[in-house]
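Contents: one structure, followed by commentary.
Order of appearance sets the numbers: ligands from 1, and atoms from 1 within every ligand.
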Amino acid sequence: MNLDRSLLGTGRKWGFRVLRHADLGLKHLLPGHCAFCLALPMSGQPWCDECFRALPWNHHACHQCAEPFSGDAYSLCGHCLKQPPAYDSARVGLRYEGEVALLIQRFKFNADPRAGALLVDLMHAGLQRLLPHELPQALIAVPRHPLRAREFGFDQALWITQHLARRLEIHCLVARRARRTPTQRGLDRSARLRNVQDAFAIDVALPAHVAVVDDIMTTGASLDGLAKACSIAGASRVEAWAAARTPLTSS
Ligand SMILES: [Zn+2]
Ligand SMILES: [Zn+2]
């Protein structure tokens, strides 16, 4: 499987990046073997049961923002009680640590499509227990900051969103940046929220139930900004999805 050329932006720089890092991350993800330990999986999945169970699952998390915490299922964290985000709930199955952090780094920094495909498989596995009518009618990726898209050579959130939408057989719609914003890197939570205020726009009428998607959810500020744009474009229920959650306490 190749990364879609249409998503690559400045592809020449990306090509050099891949060649330079081609040796990294390739010893795993061999077809027919567990992506994490090279054992032969029994389940038909790209992982063995033991490695799958050992992943840093985000089972104990705030229902609305997926912040890892020790509360009961369906309870809310302090941030959401005080200042609820624009999205109604979050589905972020994994925490950004250990093997999952390494996998995301291989996808982002080495543009490794097999790492991306495995992330999509893991997100899809986390959604298996949803009934068809519980799925959103469309997915919308957080539009990458142009400087970051150029830096990485492709838009990771859009790549994940398009492949996940294809797996789930639901629409993938596109948002745009309504204005230029400084990069979120290095900003604290409140500064990130201010930075993406009115930053996104959607030019089509949305169905009632949608999910906004990013690769990593840190403070959730970008997902929050995009969720506001979804409400303006007609959605009445917005979920936030990401491959992995960085605990706020460590960001
Ligand atoms: Zn394994
Ligand atoms: Zn929360």
Common cluster, Phe200/Val204, ILVMFWY with side-chain heavy-atom separation under 4.5 Å: yes

Geometry at the Zn ion (ligand 2) - Cys80 SG versus Cys65 SG angle, rounded to 10 degrees: 100°

Full working for side-chain contact (heavy atoms from CB on, under 4.5 Å) between Leu55 and Val100: CA-CA 7 Å; Leu55 288 172; Val100 170; 4.2 Å; yes

Heavy atoms of other groups near Gln45 CD, more than 12 under 6.0 Å: yes

Whether Phe52 and Trp47 hold their rings parallel, tilted or perpendicular, with breakpoints at 30° and 60°: parallel

Residue Cys77, metal the Zn ion (ligand 2), N/O/S under 2.8 Å: yes

Rounded to 10 degrees, the angle SG of Cys37 makes with SG of Cys34 at the Zn ion (ligand 1): 110°

